[in-house]
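FYI, side chains are in, hydrogens and waters are out, and symmetry mates aren't considered; it's all heavy atoms of this structure.
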Amino acid sequence: MKLRTRFLDIQAGETLVAILNRADADELGLKAIDRIRLSADGREIVAILDVAERTVRKGEVGLYQELKEFLGTPSEIEVTPAEKPRSVRFITDRIKGRMLQPGELRQIVRDVVDRSLSSLEIAAFITSLEMRPLSMDEAEAITRAMVELGETLEWGRGPIFDKHSIGGVPGDKTTMLLVPTVASLGYTIPKTSSRAITSPAGTADRVEMLCPVELEIDEIRSVVEKTNGCMVWGGAVDLAPADDLFIQVEYPLAIDPLYLPSVLGKKKAAGSDYVVIDLPTGKGAKLQTIDEANEFGRDFIALGNKLGMKVQCGVTFGEQPIGNNIGPALEAKEALETIMGKKQTPDLVGKVSSLIGILLGMTGEKFGKQKALEAMRSGKAEAKMREIIAAQGGDPEIQPEDIEVGEHTVEIESKRSGEVVWIDNHQVVTIARALGTPKHKGAGLCIPKKMGDRVREGEPILKLYADKASKLARAEKLLEEMEPVMVAENLADKILLRQVTEVPEIPFILDR
C-alpha cells in the first residue's frame, strides 16, 4: 500500500514508530504494536505501528522524527506488513524460565540496537532477567554481543587500565584525580564515563567544567596518544550502544539486572586489560554490607575472566559523600583544588591512591599506592591533568576560582554542639537535585563537616548553591523536614535516629 508521508513533530525516544489511520491498518490486517515495513527511494526499514483515528488521515502514514534519519523526506512510502523479529520468541522463552543460548541473546541485543523491538518487549526481557538473574554464561554472551554491535577502541599498546565505580555515593570525583595520576606514572588509561542518571553529577558532568568531553573516536585516540589518558563522555562514541537503550527501559522500572554486562561491555569495548571496580559499601550506599560487596565483586571478577580482562575490586567506605562538595561545578572545583594541593581532602586522596594501588598491583607493581601519593604530592599529577585538559580542548591554565558556582547561596547552621554522627546520602542527593543538579552546573551543596568532626552550635553544617532563587527556596523548604547531617553530643542523644510513620520510599540509584 503506497501512502502519503506526514512527518510528525514527535519523538518516540529510541524506538522507530509510524502511525496509520485505523481504516488503512484494518485494510492491511494490522493492529497497534504490529510491525510495518517502510520502503522509499531504495531505502527500507521496519517500524512499530501505532493506530489513530485523527492524527493521520486515510491514505497517510505518520512518521515520528527518528524515522527521518533512515528514510529522508520522501513524499510517498510503500507500507507493507512485517513479521515480528525472531527475538520476541526468545524473550517469551526466557520469561517461561529457559536459559538462552549465546546466538539467541545476540539476536535480542541486535534487535535492540536496530530498534526492532518495542519498549514493551524490551521491558519484558529486562523483567525476565530481574526475576531469573543471568547465568554467568548468559552474562558473557550479552556482554560480547553489546561489544560486537558497537564501536571498539584498539590502542596498539598496553597494558590498558580502567576504573569504574558502581556509584551511589554523592561527591565522588575520584576519576578526576585517578586518571591523570595513573597517566602521569606512564600508564595508559582512556576513561569513558557517564553523565548523571539519578545522581547530582556524573563524571562527564564534572569534567565538562574543565574541558569538552564530547569527543569523536579519532579525537579520543589523539588525546590518549599525546597524554596517555582521557576523561570523555562515553555516550558520544557509541561504545556498547545497546546499553543506553536498555537503560531507558530499566530506569522507569527501577530495576537494573544488566549492570555487569553494561559496565564490563563498555570496558571491553574501550580495549581495557586491567580494571579496578570501586564498590562503595555501607548505610545509604548501593551495597549495604561487606558480604554483599564480596558477592558483587566475585561476579565482576568472574565475568572479567570470561572476557579476557583482569578485574579486581576495592570495597570502599560509602556512608558519606567523598570530599565536601556535591554538584558538577563544585566538585570540579574541589578536584582541581585537591590535585593542586590547595585543599586537604584526605578521604578523596586516600580513595584515589588505594584504587591505583589495586590497579597497578595487578601488573605486579608493589608500591602503586605510594607512587600515586608521590605523583599527587609532587605536582606530577596536576601537570598531567592540565595536559589532558589542553588536549581535550580546555584551558590548561584554569584555576579553581575560574569555575563558576551558583550565585544564590545560603548557609544552614547546626542547632546543637557535638559530633557529626551520620550523613544521609539519600537526603544529600535529594537536596542537590532540588537545587538543580545536574542540569544547572553551578548548583549543589558543600558539607564542611564530615563524620567524626566536632561542630559548635551555630556553626555552618551545609552551604547551598543554586543558579535560580526558586531552586534555593525549594531546597530550603525540603530541609525543614530533613536532617541530612546529624549532630549529637553523645550516642544517647541520637539513639533514636528517625521515626517512621509511613512506608519509606527507597530511592532507585542508576549510575554507570
Side-chain angles (χ1 to χ4, degrees), residues 84-114 116-117 121-154 160 162 164 166 234 238-250 253 255-279 286-287 291-313 362 510-512:
K84 282 186 177 181
R86 285 191 307 140
S87 59
V88 174
R89 176 166 56 83
F90 303 148
I91 293 171
T92 301
D93 288 347
R94 189 60 170 70
I95 291 169
K96 292 178 179 179
R98 180 172 73 83
M99 297 291 106
L100 300 183
Q101 298 300 309
E104 295 169 330
L105 290 163
R106 190 180 193 283
Q107 188 62 52
I108 292 172
V109 176
R110 173 171 285 284
D111 286 341
V112 169
V113 173
D114 290 344
S116 298
L117 292 175
E121 289 155 348
I122 298 172
F125 177 59
I126 288 171
T127 303
S128 79
L129 304 184
E130 181 72 12
M131 296 175 67
R132 295 184 181 87
L134 288 165
S135 69
M136 195 53 65
D137 287 341
E138 287 183 312
E140 178 189 3
I142 286 183
T143 308
R144 290 191 181 279
M146 285 182 169
V147 174
E148 291 166 8
L149 294 169
E151 297 280 0
T152 57
L153 293 168
E154 296 180 5
I160 304 300
D162 212 334
H164 179 78
I166 68 167
D238 209 29
L239 299 177
D243 181 50
D244 293 330
L245 302 173
F246 281 128
I247 285 173
Q248 289 188 9
V249 177
E250 288 177 320
L253 292 174
I255 57 177
D256 195 8
L258 284 167
Y259 191 85
L260 263 69
S262 167
V263 171
L264 292 188
K266 288 183 175 177
K267 301 306 176 192
K268 185 69 175 176
S272 304
D273 300 310
Y274 297 94
V275 182
V276 62
I277 305 291
D278 174 21
L279 303 177
K286 279 185 179 180
L287 303 174
D291 285 344
E292 280 185 89
N294 287 338
E295 183 177 352
F296 211 49
R298 282 193 294 268
D299 287 343
F300 266 117
I301 292 166
L303 183 54
N305 288 339
K306 282 182 169 288
L307 298 169
M309 291 186 293
K310 181 74 171 176
V311 177
Q312 289 188 10
C313 303
M362 285 188 269
L510 182 61
D511 287 323
R512 287 287 191 268

How about [X] and [Y]: do any of their side-chain heavy atoms sit closer than 4.5 Å?
| X | Y | result |
| --- | --- | --- |
| Ile108 | Leu100 | yes |
| Gln312 | Val276 | no |
| Pro257 | Ile126 | yes |
| Val147 | Thr152 | yes |
| Leu260 | Phe296 | yes |
| Ile277 | Ile301 | no |
| Thr143 | Leu303 | yes |
| Arg106 | Glu148 | yes |

Least distance between heavy atoms, [X] atom then [Y] atom:
| X | Y | value |
| --- | --- | --- |
| Leu287 | Ala293 | CD1-CA, 3.7 Å |
| Ala124 | Ile95 | CB-CD1, 3.9 Å |
| Gly297 | Cys313 | CA-SG, 3.6 Å |
| Pro102 | Ala141 | CA-CB, 3.7 Å |
| Ala242 | Val112 | O-CG1, 4.4 Å |
| Pro261 | Ala139 | CG-O, 4.1 Å |

For the [atom1] atom of [X] and the [atom2] atom of [Y], what is their distance to the nearest 0.5 Å?
| X | Y | atom1 | atom2 | result |
| --- | --- | --- | --- | --- |
| Met99 | Leu134 | CE | CG | 8.0 Å |
| Leu245 | Ile247 | CG | CD1 | 9.0 Å |
| Glu250 | Glu130 | CD | CD | 9.0 Å |
| Arg110 | Ser87 | CZ | OG | 11.5 Å |
| Ser262 | His164 | OG | NE2 | 7.0 Å |
| Ile91 | Ile122 | CD1 | CD1 | 7.5 Å |

So, [X] side chain and [Y] main chain: donor-acceptor pair closer than 3.5 Å or not?
| X | Y | result |
| --- | --- | --- |
| Thr92 | Val88 | yes |
| Ser272 | Lys267 | yes |
| Lys268 | Leu307 | yes |
| Lys266 | Gly234 | no |

Q) Under the salt bridge (Lys or Arg N to Asp or Glu O under 4.0 Å) criterion, do Asp137 and Lys306 qualify, and how do the steps go? A) CA-CA 9 Å; Asp137 287 341; Lys306 282 182 169 288; 3.0 Å; yes
Q. With distance as the sole criterion, is a donor-acceptor pair present between the side chains of Asp244 and Gln248 under 3.5 Å?
A. no
Q: Please determine if Glu138 and Arg94 form a salt bridge, counting it only when a charged side-chain N lies under 4.0 Å from a carboxylate O.
A: yes
Q: Could you tell me how the ring of Tyr259 sits relative to the ring of Phe300: parallel (under 30°), tilted (30 to 60°) or perpendicular (over 60°)?
A: perpendicular
(Q) If we check side chain to side chain contact (heavy atoms under 4.5 Å, CB included) with Phe125, which of these qualifies: Leu105, Leu117, Val249, Asp111? (A) Leu105
Q) So with a 6.0 Å cut-off around CE of Met136, is the heavy-atom count from everything else above 12? A) yes
